[in-house]
Amino acid sequence: MKVLVTGGAGYIGSHAVYALIEQGHEVVVVDNLVTGHRQDVHKDATFYHGSIADYRFMTEVLRKEKVDGVIHFAAYSLVGESMTNPYKYYDNNMSGTNVLLKAMVDCGVNNIVFSSTAATYGEAQNIPILETDPTNPTNVYGETKLAMERMINWYHKAHGANYVSLRYFNVAGAHPSGVIGEKHDPETHLIPIILQVASGRREAINVFGDDYDTADGTCIRDYIHVCDLAEAHILAMQYLVNGGASTICNLGNGEGFSVLEMIEAAREVTKHPIPAIISPRRAGDPAKLIASSAKAQEILGWTPKHPAVKDMIASAWAVEKQKMKQ
Ligand SMILES: NC(=O)c1ccc[n+]([C@@H]2O[C@H](COP(=O)([O-])OP(=O)(O)OC[C@H]3O[C@@H](n4cnc5c(N)ncnc54)[C@H](O)[C@@H]3O)[C@@H](O)[C@H]2O)c1
Ligand SMILES: O=c1ccn([C@@H]2O[C@H](COP(=O)(O)OP(=O)(O)O[C@H]3O[C@H](CO)[C@H](O)[C@H](O)[C@H]3O)[C@@H](O)[C@H]2O)c(=O)[nH]1
């Protein structure tokens with residue numbers, strides 16, 4: 001396949017690009033590098049520096065490259081930030097996707113695999129969460145992602161383009177080479193922050209709330225290895241190219257870990273005490289998110305190969321230790 005990856009210089013996008021190229025596919029990357037890193041784009045991918053919100057630029061790329069489909073990662077994705085700066089999220093995520101979809105339609109590109117999120121569900125009504133469960137986002141980020149999913153579905157109805165929206169739960173870990181990994185700046189995600197404490201770059205980890213309705217009072221999340229996620233995107237694109245019907249799939253491991261459990265797992269991996277400070281809740285955080293990925297397993301034939309959180313933490317730890325050497 002020849003695939004355009006938007007946001008291919010970012011954390012998850014760069015892993016998807018590596019996986020595509022490792023499996024012999026041809027890859028074109030569009031990224032404006034607002035949060036991504038040029039050096040994380042695989043050397044065999046064709047790179048275009050620009051925004052998905054630039055219609056002229058996107059149609060030029062799509063007309064020139066004649067791809068089989070688009071894997072769409074480009075977005076802002078921080079829950080906390082979205083609660084204080086909704087404009088940024090509505091603008092880049094929704095307007096950007098609207099332009100991208102229009103450019104795809106105008107250039108005859110009919111397949112899109114979309115980066116959606118567990119944040120579309122909000123507070124879960126049932127555990128594990130099924131794709132048919134209600135969607136009531138508790139934060140602006142999740143709201144924009146749900147709107148993007150719906151936008152893609154309306155384009156599908158109007159223009160016939162097909163999609164798989166992948167609602168991922170909490171992504172973690174890094175490519176086994178250690179060459180690419182999670183490099184957000186500033187970092188807000190739990191595992192990289194815990195590891196910055198272990199490597200001495202931070203004094204302590206703040207635990208955002210210990211009064212949630214969970215066993216130890218801290219939030220529970222379902223962590224999925226970034227390489228398993230990358231594989232799911234390739235399977236989803238293959239499914240569409242083979243004529244599969246448009247659909248939505250969850251991606252997680254079906255097991256929940258609290259913030260305190262993740263800190264404990266990181267202590268075991270890194271052998272560092274990792275001081276933790278109980279802090280106020282962060283706005284917009286649901287208490288518990290755990291996926292049922294049965295549909296992805298059935299429809300896409302996806303099976304996670306790295307379900308153990310300690311393996312995810314160990315691969316992220318290898319990247320963090322490399323950063324310390326630089
Ligand atoms: N990290 C997670 O746990 C998680 C969970 C669920 C869903 N997601 C989704 O996965 C996707 C990727 O997340 P990530 O953690 O890799 O984030 P990231 O910030 O590392 O990657 C996003 C990439 O998109 C690029 N980008 C942003 N706006 C753009 C635009 N207008 N035009 C071109 N490029 C643009 C950025 O430069 C960056 O390279 C996001 O859509 C996010 O919502 C992430
Ligand atoms: O310093 C920190 C950072 C995080 N947390 C807690 O750790 C959990 C995980 O937080 P992350 O910021 O790592 O991840 P989120 O669950 O907020 O969100 C992530 O997963 C979501 C899906 O579940 C979204 O898709 C989103 O893009 C992605 O950032 C949350 O309970 C959060 O409050 C802390 O206690 N301290």
Side-chain angles (χ1 to χ4, degrees), residues 5-16 29-38 40-41 48-54 57-58 71-82 88-89 91-93 95-97 99-100 114-121 129 137-139 141-142 144-145 148 166-172 180-185 187-194 196-197 202 204-210 212 214 218-224 226 229 233 250-252 257-260 262-263 276-291:
V5 179
T6 75
Y11 167 45
I12 304 171
S14 62
H15 284 80
V29 170
V30 164
D31 200 300
N32 64 359
L33 303 179
V34 277
T35 58
H37 308 276
R38 178 65 184 91
D40 287 352
V41 178
Y48 290 90
H49 186 189
S51 173
I52 57 162
D54 180 343
F57 163 70
M58 284 312 303
I71 303 183
H72 178 30
F73 293 104
Y76 291 132
S77 61
L78 303 181
V79 168
E81 181 187 62
S82 77
K88 182 172 173 178
Y89 282 73
D91 183 45
N92 194 44
N93 293 1
S95 304
T97 298
V99 173
L100 170 68
F114 174 58
S115 237
S116 189
T117 166
T120 53
Y121 292 109
I129 303 173
T138 55
N139 53 64
Y141 162 67
T144 63
K145 284 275 162 167
M148 290 153 86
L166 297 173
R167 290 180 179 162
Y168 0 126
F169 286 57
N170 288 57
V171 188
I180 50 173
E182 192 163 4
K183 295 174 193 160
H184 298 124
D185 185 21
E187 189 53 76
T188 65
H189 291 103
L190 181 66
I191 294 176
I193 290 183
I194 293 174
Q196 287 179 5
V197 179
R202 284 178 196 247
I205 172 84
N206 289 308
V207 175
F208 296 145
D210 69 346
Y212 286 94
T214 60
T218 65
C219 287
I220 291 178
R221 295 288 181 272
D222 180 347
Y223 293 86
I224 170 174
V226 67
L229 192 66
H233 286 76
N250 288 340
L251 292 173
F257 295 88
S258 73
V259 173
L260 292 178
M262 292 305 288
I263 295 170
I277 300 164
I278 304 298
S279 313
R281 286 183 177 199
R282 186 175 67 178
D285 277 342
K288 190 172 182 181
L289 293 171
I290 302 175

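Computed from a prediction, not measured in an experiment: that's the story for all the values here. All ligand and atom numbering here is 1-based and tracks the order in the structure.
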Which option out of [options] puts a heavy atom nearest to [atom]?
atom                    : options          : value
atom 39 (O) of ligand 1 : D31, L100, T120  : D31
atom 4 (C) of ligand 1  : V171, T6, I224   : V171
atom 10 (O) of ligand 1 : G142, S77, S115  : S115
atom 14 (P) of ligand 1 : H184, R167, H189 : H184

Are any of the N/O atoms in [X] less than 3.5 Å from those in ligand 1?
X    : answer
G10  : yes
H37  : no
G36  : yes
T35  : yes
S116 : no
I52  : yes
G13  : no
Y141 : yes
N32  : yes

Between [X] and [Y] (side chain of the first, backbone of the second, donor and acceptor by atom type, cut-off under 3.5 Å), is there such a pair?
X    : Y    : result
N206 : F208 : no
D222 : A291 : yes
S95  : N92  : no
T138 : G284 : yes
N250 : I129 : yes
Y76  : D91  : no
H72  : T6   : no

Ligand 1 contact by [X], heavy-atom criterion under 4.0 angstrom:
X    : value
K145 : yes
G50  : yes
G96  : no

Atom CZ of R221 and atom CG of L190: how far apart are they, to the nearest 0.5 Å? 9.5 Å
Numbered atoms and elements of ligand 1 in range of [X], under 4.0 angstrom, heavy atoms:
X   : answer
L33 : 37 (O)
S51 : 30 (C), 31 (N), 32 (N), 33 (C)
F73 : 11 (C), 12 (C), 40 (C), 41 (O)
A75 : 22 (C), 24 (O), 27 (C), 28 (N), 41 (O)

Closest approach of any protein heavy atom to [atom], naming residue and atom:
atom                    : answer
atom 23 (C) of ligand 1 : G7 CA, 3.6 Å
atom 28 (N) of ligand 1 : N92 ND2, 3.0 Å
atom 6 (C) of ligand 1  : Y168 CD1, 3.4 Å
atom 5 (C) of ligand 1  : F169 O, 3.5 Å
atom 13 (O) of ligand 1 : I12 CD1, 3.7 Å

Do the rings of F169 and Y121 sit parallel, tilted or perpendicular, given the 30° and 60° boundaries? tilted
How are the rings of H233 and Y168 set relative to one another: parallel (under 30°), tilted (30 to 60°) or perpendicular (over 60°)? perpendicular
Hey, are the side chains of [X] and [Y] touching, using non-hydrogen atoms and a 4.5 Å cut-off?
X    : Y    : value
R167 : T117 : no
D31  : H49  : no
L229 : L251 : yes
T218 : S258 : yes
F73  : Y11  : no

Close residues (non-hydrogen atom under 4.0 angstrom from ligand 2) work out to S77, V79, T117, A118, Y141, Y168, F169, N170, T188, H189, L190, I193, I205, N206, V207, F208, C219, R221, V259, R282, D285, L289
Residue list, side chain to side chain donor-acceptor pair (under 3.5 Å) with N93, at least two apart or on another chain: T144
Under the salt bridge (Lys or Arg N to Asp or Glu O under 4.0 Å) test, which residues partner E81, sequence neighbours left out? K88
Return the set of residues passing side-chain contact (heavy atoms from CB on, under 4.5 Å) with D40 (not counting sequence neighbours), or none when no residue passes. S14, H37, I180, K183
